[in-house]
Amino acid sequence: MSFPGLRLASRLPAAVCLLAALPALAATSFDLNRETPVPADQPIPVADFFRYSLIRSPDINRAGTRLCALYAAGGDHVALMIFDLNKFTFEWLPAPGEDRDVTSCRWLDDDNLVWSLSEPHTLMAVDVRETLRAHPLLQFDTSWVIGIPEKSRLEPLVWIRSDSFNHGDDVGVARIDSQRHKGHLIPHPFTALRAIDSNQARDGNRDHIIKSYPLPGPDRVIRYLTDMDGELAFAITSRNGVPTLHRLAGDHWETCPIDLDKIDVVDCGNQPGELIVRGPRGTGAPRPLEFMDAATGTPGNALLVLKGRDFSGSVYREPVHHVAIGVQFDATGPQSAWFAPEYTALQELLARDENLKGMAIRILGSDLAQHRFLVGAFSDRAPISYYLVDLEKRGLHLIRHSRPWIDPARMAPTNVIQYKTREGHTFDAYITLPRGASKERPAPLVVLTHGPYEARATWGFSGETQFLASRGYAVLEPNVRGDSGYGWQFSLAEEWDLRRMSDDVTDAVRAVLKTGYVDPARVAIMGSEDGAHLALSGAVFDPDLYRCCIVVDAIVDFGALIKDQKYFQYDSSFYATALRFLGNPSEVPEKFQAMTPAAHVDRLKAATLVAYRRADKIGESQSGRLNSELQRHGVVHESLAVGDPYPGRGHLQNQVEIYRAIEAFLAKHLAP
């Protein structure tokens, strides 16, 4: 979800019985050991577009001798991979229990790393010279590493966001002893937890905590930041939806005089007490990426000013002193800006390499000596591949293709266009045309809407986009107000205007229709989760534009969602933030009635597919209401529920079942 911490009360009524339900697809076995593309004369299987990447989130150690990464180990789950960069061999550590995935990994030093398991969340540690001795650090909580102190790298700083042994409370940041072996791993998430196991896990968690840091007051923490040396430095809290910045001064927190409605914190700076920020908002010009003194709010030197857009990306730091030496960001496509000439030269050298021509290239990390670099290269048609650059030996070595079963030659190119809204705002949109599309043979169009607020459509490989293009559809992915990079054009209130977001999408569609490459009589709109709100809004408020509509794990009624989230207002900042910018549905019901697409199903002309995963309780509840409305108003619709009620199971099976239904639905309703 785009909204962190969103929860649904278990006492909500179950979704109503599905109407006009699609028959459940038979369970299918997938050849997940195949790493080569299917022959060119065969259709690409649905599963190939949605399989877990073979390798992702790689991290290089300080010596440049090993890589850790998430690895799809021949099944529908994710393991931890350790890659030897000298021998070019690897081993993988399977997650205990087939229903658990490895979700992150990070080096502490050359031999020790921390990694996380899902369901239930567990933070693990391992010395890769003794992989059989991997041991748990924190179990049955929600926690993640926020920093690795340079002076004590084996003692990572961990934010314990929700402690199940402390009523689920946020207990703040703790310094963890990664070398202490205490307790055993509780292996399976769905077995009854014995009291002896519970007590042992609780005691093990406590024994691994070296130091706990104070909380920055009673308000909900939404973010912590460490300084360039990996020490805890800043916190952002939220009260009534209003964010506040704090800095750690010795053993206590001090409030900073920075208006976070106008200033966005991107990272820490290069000096103690310094930030890198995006701001200020509201000047009528793109917002500079600049340094700022946290104690006074005084701006410093600008790092980057972009034409026509705000910065949307991340800061790159050199590995020795951790100074910010570059930024990597999305504009019309992926770009980099370096403040160190050596890195500019390296980026240019890679761009000229024959193996990487036409690819977007990202420098992802290096050893301390900055002789060996981890590099990622991708395009709109090629999923990311990872390379080792050895400057001493002047070599470029392929480590792994992330999706070797994808043949880039069979994928469709993606182009960027700019469109103007009816209010005069300018946004980027991405259009992917299938093979054979032309003005003489315009293609049917599928509009993909993504969730609002700090998300954005970007140029690069998308399995969903390429799946649709492989089936003969043009795909439009528009950016709209509220998306990252366009904040300089709007106030915060305008970014939360859901109706105008829908109008932005409509304006993008009409701009593409004018090109003549798509068939205006065969247009579908499709979105998942909160992106489904925009999809259904388009079909409801512009009913003559779309022939069919698809919503997956739908959020189509923010009024109902806000009321549900009231029960979890102490666990998530969503409730207070939504009240601030959207209002209280009990106090302004007419506003929510006007902007809620599920309340206007009577206007809907498009045939509608409603699909959801049973493990997504929010999607299940809202899909149930939508199905009832569709039935009540006699709208042609189909419905599909997949999976079981437990999260983390059957990822690929669920995806394939949904997208096979989408394929059949589009073929039926977008036929010439």
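Numbering of residues begins at 1 and proceeds along the displayed sequence. For the numbers below, each heavy atom of this structure counts, side chains included, while hydrogens, waters and symmetry mates do not.
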Using the test side-chain contact (heavy atoms from CB on, under 4.5 Å), find all partners of R435 that sit at least two apart in sequence or belong to another chain. none

Checking side chain to side chain contact (heavy atoms under 4.5 Å, CB included) for the pair I550/V446: CA distance, chi angles, key distance, verdict? CA-CA 10 Å; I550 299 168; V446 177; over 6 Å; no

For G472 versus A443, what's the shortest heavy-atom pair and its separation? O-CB, 4.1 Å

With D110 via salt bridge (Lys or Arg N to Asp or Glu O under 4.0 Å) - residues at least two apart: none

Determine whether C68 and D59 satisfy the following criterion, side chain to side chain contact (heavy atoms under 4.5 Å, CB included), listing intermediate values before the conclusion. CA-CA 5 Å; C68 67; D59 187 29; 3.7 Å; yes

Mark yes or no for whether D390, through its side chain, and E392, through its backbone, hold a donor-acceptor pair below 3.5 Å. yes

Rounded distance (nearest 0.5 Å) linking atom CG of L534 with atom OG of S528: 12.0 Å

More than 12 heavy atoms of other residues, nucleotides or ligands under 6.0 Å from CG of N301: yes or no? no

Return the minimal non-hydrogen interatomic distance between V305 and P288, and the atom names on each side. CG2-CB, 3.7 Å

Could you tell me whether the side chain of S336 and the main chain of Q328 form a donor-acceptor pair under 3.5 Å? no

Not counting sequence neighbours, which residues clear side-chain contact (heavy atoms from CB on, under 4.5 Å) with D504? List them please. Y419, T421, F427, V480, R481

F90 ring center within less than 6.0 Å of Y71 ring center: yes

Test item: L113 and L80 side chains (from C-beta on) under 4.5 Å apart, heavy atoms: yes

Quick check against the 3.5 Å criterion: does D367 have a side-chain atom that pairs as donor or acceptor with the backbone of R372? yes

Classify the side-chain pair E464/Y659 by whether it contains a donor and acceptor separated by less than 3.5 Å. yes

Is the backbone N or O of G487 less than 3.5 Å from a side-chain atom of R281, with the two atoms forming a donor-acceptor pair by type? yes

Assess whether side chain to side chain contact (heavy atoms under 4.5 Å, CB included) is satisfied between I82 and D84, documenting all intermediate values. CA-CA 7 Å; I82 310 298; D84 188 311; over 6 Å; no

In short, salt bridge (Lys or Arg N to Asp or Glu O under 4.0 Å) pairs touching residues 307-316 with sequence neighbours left out are R287-D310, R309-D428

Would you indicate whether the side-chain heavy atoms of R403 and R51 approach each other to under 4.5 Å? no

For E494, salt bridge (Lys or Arg N to Asp or Glu O under 4.0 Å) partners two or more places apart: none

Between the main-chain N or O of A457 and the side-chain N or O of N479, is there a donor-acceptor pair closer than 3.5 Å? yes

With sequence neighbours excluded, what pairs up with D48 under the salt bridge (Lys or Arg N to Asp or Glu O under 4.0 Å) test? R34

Going by ring pair (Phe, Tyr, Trp, His ring centres under 6.0 Å), name the residues that satisfy it together with Y517, two or more places apart in sequence or in a different chain. none

For R580, check salt bridge (Lys or Arg N to Asp or Glu O under 4.0 Å) against everything at least two apart and list the hits. D261

Find out whether T226 and E231 are in side-chain contact, i.e. whether some heavy atom of one side chain is under 4.5 Å from a heavy atom of the other. no

Do the non-hydrogen side-chain atoms of I60 and L67 ever get within less than 4.5 Å of each other? yes

Flag the pair F490 / H425 as yes when their ring centroid distance falls below 6.0 Å, and as no otherwise. yes

Is there a donor in the side chain of S116 and an acceptor in the side chain of S104, or the other way round, less than 3.5 Å apart? yes

Under 3.5 Å, is there a donor-acceptor pair between the side chain of Q489 and the main chain of T426? yes

About how many Å separate CG of N61 and CG of D109, when rounded to the nearest 0.5 Å? 8.5 Å

Please report, to 0.1 Å, the donor-acceptor pairs under 3.5 Å made by any side chain of residues 373-381, with sequence neighbours excluded.
residue: S379; atom: OG; partner: R381; partner atom: N; Å: 3.1
residue: S379; atom: OG; partner: A382; partner atom: N; Å: 3.0
residue: D380; atom: OD2; partner: T414; partner atom: N; Å: 2.7

When rounded to the nearest 0.5 angstrom, what is the spacing between CG in L468 and CE in M526? 5.5 Å

Identify each donor-acceptor pair in which a side-chain atom of residues 356-364 lies under 3.5 Å from a protein atom, sequence neighbours left out, and give them as a table.
residue: K357; atom: NZ; partner: E354; partner atom: OE2; Å: 3.2
residue: R362; atom: NH2; partner: F329; partner atom: O; Å: 2.9

Spacing of CD1 belonging to I55 relative to CE belonging to M81, to within rounding of 0.5 Å: 3.5 Å

Say you draw a straight line from OH of Y224 to OG1 of T237; how long is it, rounded to the nearest 0.5 Å? 9.5 Å

Any side-chain heavy atom of R500 within less than 4.5 Å of one from E423? yes

Between G297 and P257, the two heavy atoms sitting closest are N-CG, 4.3 Å

For residues W107 and R62, determine if any side-chain heavy atom of one lies less than 4.5 Å from a side-chain heavy atom of the other. no

State which residues pass side-chain contact (heavy atoms from CB on, under 4.5 Å) with P444; sequence neighbours excluded, sorted by chain then number. Y473, R522, L670

Shortest non-hydrogen separation from L245 to L260 and the atoms involved: N-CD1, 3.7 Å

Shortest non-hydrogen contact from P319 toward S366: CG-OG, 3.5 Å

From OG (S573) to CD1 (I236), nearest 0.5 Å: 11.0 Å

From the list P243, P299, P280, side chain to side chain contact (heavy atoms under 4.5 Å, CB included) with I263 holds only for P280

So which atom in W92 and which in A79 form the shortest heavy-atom distance, rounded to 0.1 Å? CE3-CB, 3.7 Å

Go through the steps to decide whether V505 and I525 satisfy the test side chain to side chain contact (heavy atoms under 4.5 Å, CB included), and finish with yes or no. CA-CA 10 Å; V505 173; I525 190 166; 4.2 Å; yes

Any D267 side-chain heavy atom under 4.5 Å of R317 side chain: yes

Would you check if the side chain of S118 reaches a backbone N or O of D101 as a donor-acceptor pair within less than 3.5 Å? yes

Is the side chain of Y430 donor-acceptor paired with the backbone N or O of T332 at a distance under 3.5 Å, no angle test? yes

Could you check whether any side-chain heavy atom of V78 comes within less than 4.5 Å of a side-chain heavy atom of R56, counting everything from C-beta outward? yes

Begin with the C-alpha distance, continue with both residues' side-chain angles, and end with the deciding distance and a verdict on salt bridge (Lys or Arg N to Asp or Glu O under 4.0 Å) for R422 and D507. CA-CA 7 Å; R422 64 196 69 182; D507 294 340; 2.9 Å; yes

Contacts table for residues 393-402: side-chain donor-acceptor under 3.5 angstrom, sequence neighbours left out:
residue: R400; atom: NH1; partner: E35; partner atom: OE1; Å: 3.2
residue: H401; atom: ND1; partner: S385; partner atom: OG; Å: 2.5
residue: S402; atom: OG; partner: I384; partner atom: O; Å: 2.5

Any side-chain donor near an acceptor of the partner, S502 and S537, under 3.5 Å: no

